[in-house]
Amino acid sequence: MKRLFITIIGALALGATAQAMAGPDFKVIEQARKDKQIAQADTRATRARDEARSPRCPPEPLVLPLDHGPRAQTTPAENQRRKNRYEAQVKACKEATK
């Protein structure tokens, strides 16, 4: 009885570890990687073509990081540059729609 029990436990342990010891399927991994690269290239080409046609209108809302206090994330000068850039984008968008 003791040998049967040890044999059954050994078979179960071997069955559980055999799955863990199996290696990855490199063919599937490489094919998925190639498919992902192709999809990203297509997305980039489409995005570049769309951006070349027209500017982003209207631009995303302006969100400025904190520029004062003990945990400041940027400087007031950097925020001013961001404001100026945003205003230029809004102006370009308005001119493009005329």
Side-chain angles (χ1 to χ4, degrees):
M1 182 72 181
K2 189 175 182 182
R3 282 191 184 177
L4 179 63
F5 182 70
I6 291 173
T7 305
I8 291 174
I9 295 298
L12 290 174
L14 181 64
T17 58
Q19 294 174 1
M21 293 172 65
D25 190 359
F26 290 112
K27 266 188 180 177
V28 174
I29 292 171
E30 285 299 312
Q31 185 63 38
R33 186 181 62 80
K34 288 177 185 176
D35 292 343
K36 186 176 180 181
Q37 285 178 345
I38 291 170
Q40 285 177 347
D42 290 344
T43 303
R44 284 188 205 124
T46 303
R47 187 178 302 143
R49 195 173 41 228
D50 291 344
E51 287 176 358
R53 279 190 229 150
S54 66
R56 180 182 239 159
C57 283
E60 293 181 9
L62 180 64
V63 178
L64 298 174
L66 186 64
D67 65 353
H68 61 279
R71 292 184 179 88
Q73 299 170 342
T74 186
T75 63
E78 181 66 30
N79 276 350
Q80 186 61 41
R81 284 191 289 265
R82 288 178 178 156
K83 285 179 190 176
N84 293 341
R85 191 179 320 127
Y86 180 76
E87 290 171 359
Q89 287 176 346
V90 170
K91 184 178 178 183
C93 183
K94 286 181 182 178
E95 290 176 2
T97 57
K98 287 182 180 181

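Residue indices begin at 1 and follow the sequence shown. Since the structure is predicted, the reported quantities are computational estimates derived from the model, not experimental observations.
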What pairs with [X] under side chain to side chain donor-acceptor pair (under 3.5 Å), at least two apart in sequence or on another chain?
{"X": "N84", "answer": "Q80"}
{"X": "Q40", "answer": "none"}
{"X": "R82", "answer": "none"}

Quick one: [atom1] on [X] to [atom2] on [Y], what's the gap to the nearest 0.5 Å?
{"X": "I38", "Y": "T43", "atom1": "CD1", "atom2": "OG1", "value": "11.5 Å"}
{"X": "L14", "Y": "I9", "atom1": "CG", "atom2": "CD1", "value": "13.0 Å"}
{"X": "I29", "Y": "F26", "atom1": "CD1", "atom2": "CZ", "value": "6.0 Å"}

Contacts of D35 that satisfy side-chain contact (heavy atoms from CB on, under 4.5 Å) - sequence neighbours left out: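 Expected list: Q31.
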Partners of I6 by side-chain contact (heavy atoms from CB on, under 4.5 Å), sequence neighbours excluded? K2
When you look at CZ of R33, are more than 12 heavy atoms from neighbouring residues, nucleotides or ligands closer to it than 6.0 Å? yes
Does anything in residues 66-79 form a side chain to side chain donor-acceptor pair (under 3.5 Å)? List the pairs, not counting sequence neighbours.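 Sorted result for residues 66-79: D67-N79, E78-R81.
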